[in-house]
Each structure stands twice: as structure tokens, then as C-alpha cells.
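To keep things clear, I will list the structure first and then write my remarks on it.
Every chain is numbered from 1 and lettered A, B, ... according to where its sequence line falls, protein lines coming before strand lines.
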Amino acid sequence: MDPAERRELVSRYTQEVVTEEELADVFAREDPRAYIGYAPTGEMHIGHFTTIRKLADFLRADIEVTVLVADLHAHLDDEKSPFELLDARSEYYRAAIEAMIETTEADADRIEFVRGREFELEEPYTLDLYRMMADTTISRAKRAGSEVVRQSDNPKLGGLVYTLMQSLDVAALDADIAYGGIDQRGIYMLARELLPDYGREKPVCVFAPLLSGLSGGNMSASDPGSKVSLTDSREEVRAKIDDAYCPMGEVEGNGVLEYVRYLVFPFLEERGEPFRIERPEEYGGDLSYESYERLEADFVSEDLHPADLKSAAGEHIADLVAPVRERLLEAPDLLQSAYPDNYE
RNA sequence: CCGCCCUUAGCUCAGUCUGGCAGAGCAGUCGACUGUAGAUCGACUUGCCCCCCGUUCAAAUCGGGGAGGGCGGACCA
């Protein structure tokens with residue numbers, strides 16, 4: 001595969017690559033590796049799904065992929081996950097991620113899973129961490145993590161150490177590319193700044209867009225209606241999409257359109273199917289789209305009405321979620337022990 | 001170790017001085033208007049007032065004890 005093709009695979013459906021030049025260099029290296037980390041906190045949802053599906057692109061581009069289940073981070077960030085639940089949640093995250101990967105044509109066995117504590121407690125790592133703590137100011141660490149770490153009036157030290165550890169993770173996992181949502185930007189910019197001081201390579205960063213929530217604004221952990229959950233039934237998915245904020249002709253902040261763009265189209269493209277929309281004769285009859293761009297154009301010109309988009313989007317998203325949901329419900333004890341309060 | 005402050009609806013908080021039906025904003029739910037949603041309008045819902053004991057006809061409110069959180073001081077031989 002030629003480098004231009006590989007570069008296109010890696011950077012498609014992303015928001016930013018830092019930097020394109022350095023990315024080109026990565027392909028010249030032996031066995032380049034990308035990594036993405038997830039802190040096993042709340043239940044996984046459709047937002048995670050988009051970043052995980054994209055891992056298939058890295059593999060296609062012949063880049064090895066490491067998925068970090070960052071258990072210590074889950075606790076360091078304001079104890080989002082209680083210490084006793086880290087094992088259970090790490091297990092659940094891994095199972096959910098595998099289930100999501102299996103909805104792609106990628107070979108899940110090519111993805112290496114690592115749990116944070118497997119390497120974050122080793123001496124060389126710890127030594128570097130202490131050195132970083134010694135020469136990073138509190139305000140620098142705070143700024144780096146401000147989009148990721150929970151903010152409060154009485155922040156704990158953990159949130160600060162969090163950003164340093166994540167910076168170090170990149171090097172410890174031997175990653176050439178750090179991949180994550182654009183909210184991770186601050187932390188990886190700190191990593192790029194810091195790592196060279198410790199004789200490490202600074203990573204190329206690939207950032208996925210953060211999808212808007214369905215109720216307007218961002219997806220919110222506390223608002224189930226703002227996002228599709230991996231355990232939502234077809235009916236629940238339909239209902240959530242149907243209730244979603246979706247102003248006619250407006251692209252900005254339109255969660256439904258973003259789901260279609262970053263989730264449904266990649267999924268359909270992989271299968272070589274168009275996006276079909278059933279529409280009553282009264283409004284012009286059925287539609288079919290080969291590309292997102294054409295669909296968006298019709299939406300902007302208001303030739304495609306939100307109600308018709310929603311019903312089709314709901315079905316496609318439900319199709320996508322169904323196999324993951326099935327896998328998760330096959331092992332209900334995973335969810336039960338990870339989230340005892342939600343599953344009695 | 002000592003002192004002071006805070007804890008009330010899902011969230012942010014008022015109410016405590018001076019005891020008398022548990023409140024507001026936001027959020028949420030339901031209608032109306034829209035070929036979706038939102039916005040707008042109309043209606044509705046929301047409680048271990050941190051816990052225990054006491055005083056009182058009556059305690060979120062007063063007294064005592066405790067828990068959790070915050071702030072400060074002291075110690076630094």
C-alpha cells in the first residue's frame with residue numbers, strides 16, 4: 001500500500017492530525033504503532049463506538065494498534081470509578097470494546113489490549129513520573145487536563161497526576177501515534193512538550209471529533225437521552241433519535257447528522273451499501289445516498305426533512321448497536337458487577 | 001492537636017438569627033404549535049431538610065453528640 005493511501009486511511013473521519021508531516025514520517029518506520037486509551041468509568045456508549053470503529057482504519061494502514069484500559073486513570077479522575085470496581089469495569093470495557101471491534105471487518109486479534117496497572121506501577125515508569133511531577137507546574141498540568149479531568153472547586157491531586165501519566169503512557173506503550181477524541185488534545189500537547197525532555201519520541205496525534213449530544217450540546221454522562229447506549233434496544237434507539245435535537249437544514253451541533261456521518265456511513269461503506277431513506281410519497285418518495293456529502297447537501301437545502309432522516313438513521317444505528325448489545329446481554333454478570341447500582 | 005464554616009429536590013441554592021403546611025431557578029414529565037427535535041406558551045411532578053439523642057403542643061430551624069466536606073491556626077528540639 002502506498003504511503004498516500006495509508007495517510008488517507010489514518011486521517012479520514014478525523015478532526016485534526018498533529019502533524020501531517022510527522023505522520024508521513026511514521027510510515028517509514030518499522031512496525032509503527034498507534035494507541036488509544038479508555039478510562040473504565042461509566043458505561044460505554046455510541047461516542048466510544050466511533051473511535052473504536054476507526055481502529056480498523058489503522059489496521060488497514062498497517063499500523064499496529066494498542067488499546068489501553070486505563071484503570072488507574074478511572075480512579076484518579078475524581079474517583080469516577082471506585083477502587084474496588086476497577087477490576088470489574090476493566091473486564092467490562094475490554095469485552096465491550098471487543099464486541100464493537102467485531103462489528104468492523106478488522107481482525108480483533110490484531111489489537112493488543114493492555115491494562116494500565118500492568119505497566120504504570122513499574123519502576124522505570126514511576127521514576128519518570130516523579131521526575132515529571134518535579135518539573136511540571138500545577139497550572140500546566142491543570143490546563144492540559146481541563147477538557148478531560150472532572151473539574152470541581154476542590155480538585156484532588158489525582159487529576160493532575162492523571163495528565164502526566166497519560167503523557168508517559170504514550171512512551172511506555174511505544175506508540176508512534178496517540179489517537180483519541182479532540183478533548184484529549186491538551187494532554188497530548190503536554191506529552192509532545194514533555195517527552196523529549198526524557199529522551200522519548202514525541203507522538204503524532206490523531207484526534208477524532210467529539211460527536212454532539214442528541215439533546216443539543218455535548219453528550220452527557222448524566223443524561224441518558226443525550227446519547228445512544230450500547231445496551232439500548234431497537235425501540236430505545238428509535239425513540240432517542242426521534243427525540244433528538246435536529247433543526248432543519250442545520251449541520252452545526254446536529255447529533256443525528258454527525259452519527260450518520262461518522263458511524264452509519266463508514267459502516268455502510270464497508271458493506272458497499274447506500275444509505276436508504278424511506279419517505280412517504282406525499283413528500284417525494286424514497287431516497288438513496290452513496291455519500292455523506294450528498295446527503296448533507298440535501299439536508300442543508302432542506303430537500304431532506306429531519307423527520308425522514310431520523311427514521312432512517314434510527315434503524316441504521318440500531319442495526320449497528322444490535323450485535324454489541326446482544327454480546328453484552330449474553331454476559332449480564334459483566335454489567336452487573338461493573339455497575340451494581342444500575343443492574344440489581 | 002485546636003478553632004471556624006458548610007451539608008435542604010437530579011443540579012445550583014434560599015429558608016435557620018426570631019420554631020408554625022418544605023421553597024426558587026434550572027433540569028425533568030405531559031399537552032398546544034410545528035411533517036422531527038428545539039424555541040415558545042400552558043399544566044404537572046420532584047424530598048431520609050446528613051445521622052442520632054434531647055427541648056417543645058410543634059424542629060430543616062433551638063441544645064448535645066456524631067459523620068462527611070471545606071478553611072484556618074498551632075506544632076516544627
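- Figure legend. B:C62 is base-paired to B:G54; pairs are counted as Watson-Crick or G-U wobble with both atom distances under 3.5 Å.
- Between the P atom of B:U36 and the CD atom of A:E278 lies a distance of 19 Å, rounded to the nearest Å.
- Straight-line distance from the CG atom of A:D298 to the P atom of B:U36: 19 Å, rounded to whole Å.
- If you check B:G35 for Watson-Crick or wobble pairing at under 3.5 angstrom, you find it has no partner at all.
- Using the Watson-Crick or G-U wobble rule with both distances under 3.5 Å, B:A67 pairs with B:U7.
- Side chains of A:S152 and A:D78: a donor-acceptor N/O pair is absent below 3.5 angstrom, by distance only.
- Taking a cutoff of 4.0 Å between a charged side-chain nitrogen and a carboxylate oxygen, A:D319 and A:R234 qualify as a salt bridge.
- Of the candidates B:G38, B:U36, B:G35, B:G38 carries the atom nearest the A:Y245 side chain, counting heavy atoms from C-beta on.
- The ring of A:H305 has its center no closer than 6.0 angstrom to the ring center of A:Y283.
- When rounded to the nearest whole Å, the span between NZ of A:K310 and C1' of B:G38 equals 9 Å.
- Summarising the geometry, the separation between CG on A:L257 and C1' on B:A37 is reported as 13 Å, rounded to the nearest angstrom.
- A:R279 places its CZ atom 12 Å from the C1' atom of B:G35, with the value rounded to the nearest Å.
- On the C1' atoms, B:C75 is 37 Å away from B:G54, given to the nearest whole Å.
- Taking atom CG of A:D242 as the reference point, atom C1' of B:G38 lies 13 Å away to the nearest angstrom.
- Across the C1' atoms, B:C21 and B:C57 are found 16 Å apart, a figure rounded to whole Å.
- To the nearest whole angstrom, the two P atoms, one in B:G65 and one in B:A58, are 23 Å apart.
- No hydrogens or angles considered: nothing links the side chains of A:E258 and A:Y262 as a donor-acceptor pair under 3.5 Å.
- For B:A74, there is no paired base (Watson-Crick or G-U wobble, both distances below 3.5 Å).
- Evaluation of atom-type donor-acceptor distances gives no pair under 3.5 Å for the side chain of A:N154 against the base of B:G69.
- Taking atom C1' on both B:C1 and B:C76, the two are 13 Å apart, rounded to the nearest angstrom.
- In this structure B:U18 sits in no base pair that meets the Watson-Crick or G-U test at under 3.5 Å.
- The separation of B:A9 from B:C50, taken at their P atoms, amounts to 8 Å, rounded to a whole angstrom.
- In this structure, the side chain of A:K54 engages the main chain of A:V10 through a donor-acceptor pair within 3.5 Å.
- If you take atom C1' in B:A14 and the same atom in B:U8, they sit 10 Å apart, rounded to whole Å.
- Separating the CD1 atom of A:I241 from the C1' atom of B:U36 is a distance of 12 Å, rounded to the nearest angstrom.
- Base-pair partner of B:G47: not found among the strands shown (Watson-Crick or G-U wobble, both distances under 3.5 Å).
- Using a 4.0 Å cut-off between charged nitrogen and carboxylate oxygen, A:E193 and A:K202 do not count as a salt-bridge pair.
- Taking atom C1' on both B:A22 and B:U16, the two are 13 Å apart, rounded to the nearest angstrom.
- Rounded to whole Å, the distance from CG on A:D303 to C1' on B:U36 is 17 Å.
- The C1' atoms of B:U12 and B:U56 are separated by 34 Å, rounded to the nearest whole Å.
- Residue contacts for A:D308: at a heavy-atom cut-off of 4.0 Å it reaches a base atom on one of the strands shown.
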